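Quick notes on the structure that follows.
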Amino acid sequence: TLAGVAFDFTATVAETTMDLVAAELAAVIDADADYIAAAVGSVITITHASHNVAFTCVPSIVPSTVTLTAAITQEAA
């Protein structure tokens, strides 16, 4: 959930590593006009499109659900 918007991705047997899960989840987030997201390995970097503030998230497996929780914070320049 980012700013109250849930981004869902259900892994299948094709996503055999956390790197693949992160890439697919990043693609779901990146499809939203408010965010730019990309995965390198199992780490997802998300940037808010209008605030230009980036943060990273590492998905984790919870019984067969990938859960990503992040808070958007604004840092003073």
Side-chain angles (χ1 to χ4, degrees):
T1 303
L2 298 171
V5 178
F7 294 95
D8 297 316
F9 166 71
T10 302
T12 67
V13 294
E15 289 81 35
T16 57
T17 66
M18 286 306 296
D19 292 3
L20 294 172
V21 171
E24 294 291 341
L25 185 54
V28 170
I29 297 167
D30 192 61
D32 187 294
D34 287 336
Y35 300 100
I36 301 162
V40 175
S42 62
V43 177
I44 302 170
T45 299
I46 305 166
T47 303
H48 192 279
S50 64
H51 300 261
N52 202 28
V53 174
F55 57 95
T56 58
C57 300
V58 179
S60 60
I61 295 176
V62 179
S64 60
T65 301
V66 173
T67 302
L68 173 67
T69 303
I72 298 173
T73 59
Q74 182 71 38
E75 294 182 21

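All values reported here derive from a predicted model rather than from experimental measurement. The basis for the numbers below is simple: all heavy atoms, side chains too, and nothing from hydrogens, waters or symmetry mates.
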Review point. Of all heavy-atom pairs between A26 and A37, which one has the smallest distance, and what is that distance?
Key: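 Where A26 meets A37 most closely, the heavy atoms are O-CB, 3.5 Å.
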Practice item. Taking all non-hydrogen atoms of both residues into account, name the closest pair between G41 and A22 and its distance. Key: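 Nearest heavy atoms, G41 then A22: O-CB, 3.7 Å.
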Exercise for review: Starting from the C-alpha separation in whole Å, work towards a yes-or-no answer on side-chain contact (heavy atoms from CB on, under 4.5 Å) for F7 and L2.
Suggested key: CA-CA 8 Å; F7 294 95; L2 298 171; 3.7 Å; yes
Review point. side-chain contact (heavy atoms from CB on, under 4.5 Å) with V40: which residues, sequence neighbours excluded?
Key: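 With sequence neighbours excluded, V40 shows a side-chain contact (heavy atoms from CB on, under 4.5 Å) to no residue whatsoever.
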Review point. Taking only residues two or more places apart in sequence, or in another chain, which ones meet T17 in a side-chain contact (heavy atoms from CB on, under 4.5 Å)?
Key: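 D19, L20.
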To the nearest 0.5 Å, how far apart are [atom1] in [X] and [atom2] in [Y]?
{"X": "E24", "Y": "T10", "atom1": "CD", "atom2": "OG1", "value": "11.5 Å"}
{"X": "T47", "Y": "D30", "atom1": "OG1", "atom2": "CG", "value": "9.5 Å"}
{"X": "D8", "Y": "I29", "atom1": "CG", "atom2": "CD1", "value": "10.5 Å"}

**Study point:** Transitive ILVMFWY side-chain link V5 to I36, under 4.5 Å
**Key:**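 Cluster IDs for V5 and I36 differ.
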